[in-house]
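Source: prediction; values computed, not measured. All values below come from the heavy atoms of this structure, side chains included, with hydrogens, waters and symmetry mates left out.
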Amino acid sequence: MGTNNTALIIVDVQPTFTEGGELAVEGGNAVAERIHGFTERNRSRYALIATTQDWHVEPGEHWSDHPDFVDTWPVHGAAGTPNARLHPAVESLGVPHHIKKGQYSAAYSGFEGVEDNGEAIPTRDDVAEALAAGRTLDALLTGAGVTRVDIVGIALSHCVRDTALDAASRGYDVRVYTDLSVPVSEELGNAAVERMRQAGITIIEGDEYVD
């Protein structure tokens, strides 16, 4: 069942964004568990599964002691810390591909990151070399023959939205599962869904796989 041209992208499901984390989103732990169950049930439907993570080293003004929660934020997703790892519910899935982003600048979309399957803290040169070598999410998907992506994760209103919009702009058929994602607030979540719909993204309001 399923297709061999579809990928699942699990966006930023990290303790830093779930209850008890530095930038907690209400409902984060519950959505992590739902993503775990969904992925276990549907692994065979996907040609590729990848995660994204904030992996900030020195992200400049993205971190602030006086954040406005629009463009600047409290310290979060600090590379090498336990809260920047994948949430245990996702880490236990054994996903093979991990896209880390935001090492030295703000990055909301997984398409701004590089594949990095270790836990090291990269230098600026390390990130530049990975980009130059084409170790990007787009290259990973293209290399696997992917034409459709399903996107889930945290937060629907921010990094899920931006990853989905970037995927659509690159020509992928994009679907976002809202019951496998959680927004920072209902208002911002609704605005993100409307923006994604306008970009031609399919919004699936459920947590069961749709063929």
Verify the cluster assignment for [X] and [Y]: are they in a single hydrophobic cluster under the rule of side-chain heavy atoms below 4.5 Å apart?
{"X": "Leu23", "Y": "Val31", "value": "yes"}
{"X": "Ile203", "Y": "Val210", "value": "no"}
{"X": "Tyr46", "Y": "Val152", "value": "yes"}
{"X": "Phe38", "Y": "Ile151", "value": "no"}
{"X": "Tyr108", "Y": "Leu137", "value": "no"}

4.5 Å side-chain heavy-atom contact, [X] and [Y]:
{"X": "Val95", "Y": "Leu8", "value": "no"}
{"X": "Leu141", "Y": "Leu48", "value": "yes"}
{"X": "Gln14", "Y": "His87", "value": "no"}
{"X": "Val149", "Y": "Thr6", "value": "no"}
{"X": "Leu93", "Y": "His36", "value": "yes"}
{"X": "Thr51", "Y": "Ile99", "value": "no"}
{"X": "Ile154", "Y": "Thr18", "value": "yes"}
{"X": "Val127", "Y": "Glu129", "value": "no"}

(request) Step through the shown structure and confirm whether more than 12 heavy atoms of other residues, nucleotides or ligands are within 6.0 Å of CD on Glu26. (result)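 No, because the 6.0 Å sphere around CD of Glu26 holds 12 heavy atoms or fewer from other groups.
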(request) Scan residues 178-191 for pairs that pass side chain to side chain donor-acceptor pair (under 3.5 Å), counting only residues two or more places apart or in two chains. (result)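 Qualifying pairs: none.
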[Y] backbone acceptor or donor facing [X] side chain under 3.5 Å:
{"X": "Ser64", "Y": "Glu61", "value": "no"}
{"X": "Gln53", "Y": "Lys101", "value": "no"}
{"X": "Trp55", "Y": "Pro122", "value": "no"}
{"X": "Thr163", "Y": "Val160", "value": "no"}
{"X": "Asp207", "Y": "Leu180", "value": "no"}
{"X": "Glu22", "Y": "Pro74", "value": "no"}
{"X": "Arg161", "Y": "Ser157", "value": "yes"}
{"X": "Thr136", "Y": "Val114", "value": "no"}
{"X": "Lys100", "Y": "Gly118", "value": "yes"}
{"X": "Glu112", "Y": "Ser109", "value": "yes"}

(request) Can you sort out the partners of Val70 under side chain to side chain contact (heavy atoms under 4.5 Å, CB included), two or more places apart, ordered by chain and number? (result)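 Result, side chain to side chain contact (heavy atoms under 4.5 Å, CB included) vs Val70: Asp68.
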(message) Closer than 4.0 angstrom, basic N to acidic O: yes or no for Arg45 and Asp211?
(response)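 Between Asp211 and Arg45 there is a salt bridge, with a charged N closer than 4.0 Å to a carboxylate O.
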(message) Ring-plane angle category for Trp73 and His62, please: parallel below 30°, perpendicular beyond 60°, tilted otherwise.
(response)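 Trp73 and His62: tilted rings.
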(message) Parallel, tilted or perpendicular, judged at 30° and 60°: which one describes the rings of His76 and Phe17?
(response)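 Rings of His76 and Phe17: tilted, 30 to 60°.
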(request) State, without any angle test, whether His97 and Glu115 hold a side-chain donor-acceptor pair at a distance under 3.5 Å. (result)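 Result is yes, a qualifying pair exists.
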(request) Identify the residue among Thr142, Ile9, Ile201 that makes a side chain to side chain contact (heavy atoms under 4.5 Å, CB included) with Tyr172. (result)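 When Thr142, Ile9, Ile201 are each tested with Tyr172, the side chain to side chain contact (heavy atoms under 4.5 Å, CB included) holds only for Thr142.
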(request) Taking all non-hydrogen atoms of both residues into account, name the closest pair between Gly110 and Thr52 and its distance. (result)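 Residues Gly110 and Thr52, closest heavy atoms: CA-CG2, 3.9 Å.
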(message) For a salt bridge (charged side-chain N to carboxylate O under 4.0 Å, His left out) check, start with the C-alpha distance between Arg41 and Glu208, then their side-chain angles and the critical distance, and finish with the verdict.
(response) CA-CA 9 Å; Arg41 292 192 303 272; Glu208 292 302 319; 3.4 Å; yes
(request) Measure from NZ or CZ of Arg175 to the centre of the six-membered ring of Tyr209, then state whether that distance is under 6.0 Å and the direction lies within 45° of the axis. (result)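 Yes.
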(message) Test salt bridge (charged side-chain N to carboxylate O under 4.0 Å, His left out) on Arg124 and Glu58; report intermediate values, then the result.
(response) CA-CA 9 Å; Arg124 290 179 187 271; Glu58 295 176 7; 3.6 Å; yes
